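To start, the structure under review is shown below, and the notes come after it.
Chain A is the first sequence line, chain B the second, and so forth, proteins listed ahead of strands; every chain is numbered from 1. Note that the coordinates shown come from a computational prediction; the quantities given were computed from them, not determined experimentally.
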Amino acid sequence: SQQGEEDPQALSIQEGENATMNCSYKTSINNLQWYRQNSGRGLVHLILIRSNEREKHSGRLRVTLDTSKKSSSLLITASRAADTASYFCATATLNTGNQFYFGTGTSLTVIP
Amino acid sequence: SAVISQKPSRDICQRGTSLTIQCQVDSQVTMMFWYRQQPGQSLTLIATANQGSEATYESGFVIDKFPISRPNLTFSTLTVSNMSPEDSSIYLCSVLRGTGSYEQYFGPGTRLTVT
């Protein structure tokens, strides 16, 4: 069953702008991971943030985690047309071990 | 990261038939997972495939419909049995890598269309 919910469901921005996507989840987690999926393609692992971490960076990506609010955000800075994709968060919960449950996803369109 | 391949990459099948999807990993892994992604939807976990034991199925998925094999630590198969159009989806296998907190890596997926 899906653990997370992402918001917004769809986001359209101009190239060069920043894109922020949010993920909320229901139960305590071990870690949270963000993925990108280009249309019709497989999932690409972007970043993992552990439950004891609050922020992580990877290139133009910045992920935050607020366990008190059970939420995470993914910020893509200086967006490019190639960033157009669907973005998903996935959580590994404490009571399910290494099984991951995916959020509903955010469809991002970056307009050149 | 992990190099994961799936076969076939896509298939169009008749209602009532079965399709077996293969997943091959470039190195040994303890746990492999099978997901389904219906058109325009997120991923739903079907089952966890552990080598040497029966797969563990998520609620709503049963072994008779989705039998899974895991003969060794680098390979698994998922069969979609007695297919109906509702089974049209992308099927993905995944593995975990790392220690402590695991990163999950996915195969490219198998796009199944049932007519």
Side-chain angles (χ1 to χ4, degrees), chain A residues 1-10 21 23-25 28-53 56 58 61 63 65 67 72 85-107, chain B residues 1-10 21 23-25 29-50 53 55-61 88-113:
Chain A
S1 59
Q2 284 177 347
Q3 149 86 321
E5 222 173 86
E6 272 136 289
D7 128 75
Q9 288 191 344
M21 289 158 266
C23 167
S24 59
Y25 55 90
S28 296
I29 61 169
N30 184 23
N31 66 70
L32 184 147
Q33 305 191 22
W34 284 91
Y35 293 84
R36 183 184 74 227
Q37 186 179 36
N38 292 85
S39 179
R41 309 283 291 276
L43 275 83
V44 174
H45 182 272
L46 295 177
I47 200 163
L48 177 153
I49 186 164
R50 296 178 176 80
S51 60
N52 62 353
E53 297 175 313
K56 273 189 106 165
S58 176
L61 305 180
V63 168
L65 179 63
T67 52
S72 173
S86 291
Y87 292 83
F88 296 93
C89 67
T91 52
T93 61
L94 293 176
N95 61 350
T96 58
N98 294 314
Q99 292 158 314
F100 287 81
Y101 296 95
F102 278 76
T104 50
T106 293
S107 176
Chain B
S1 63
V3 177
I4 307 170
S5 60
Q6 283 184 234
K7 288 182 184 179
S9 59
R10 57 177 63 221
I21 302 167
C23 179
Q24 180 76 52
V25 189
V29 291
T30 304
M31 299 174 78
M32 295 177 75
F33 304 90
W34 286 97
Y35 287 84
R36 180 175 75 184
Q37 186 178 27
Q38 292 176 304
Q41 303 292 315
S42 185
L43 280 76
T44 301
L45 180 64
I46 298 172
T48 304
N50 299 316
S53 62
T56 305
Y57 290 82
E58 295 295 301
S59 175
F61 298 96
S88 297
S89 290
I90 299 173
Y91 292 85
L92 302 104
C93 67
S94 74
V95 302
L96 299 180
R97 282 284 166 82
T99 54
S101 287
Y102 295 95
E103 294 184 353
Q104 185 175 208
Y105 296 93
F106 284 83
T110 295
R111 184 181 293 272
L112 171 62
T113 302

**Study point:** Reported OH-to-CG distance for the pair B:Y105 and A:L43, which is rounded to 0.5 angstrom
**Key:** 13.0 Å
Exercise for review: Show your working on ring pair (Phe, Tyr, Trp, His ring centres under 6.0 Å) between B:F33 and A:F102 and close with a plain yes or no.
Suggested key: CA-CA 13 Å; B:F33 304 90; A:F102 278 76; over 10 Å; no
Review point. Quick one: does B:S42's side chain have a donor or acceptor within less than 3.5 Å of a partner on A:G105's backbone?
Key: no
**Study point:** Contacting region of A:Q37 [heavy-atom separation from chain B under 4.5 Å]
**Key:** side chain
Review point. What's the spacing between B:Q37 CD and A:S86 OG if we round to 0.5 Å?
Key: 8.0 Å
Revision key, fill the gap. To the nearest 0.5 Å, atom NE2 of A:H45 lies from atom CD of B:Q104 at 8.5 Å
Check your understanding: Side chain, backbone, both or neither: which part of B:Q6 has a heavy atom under 4.5 Å from chain A?
Key -> neither
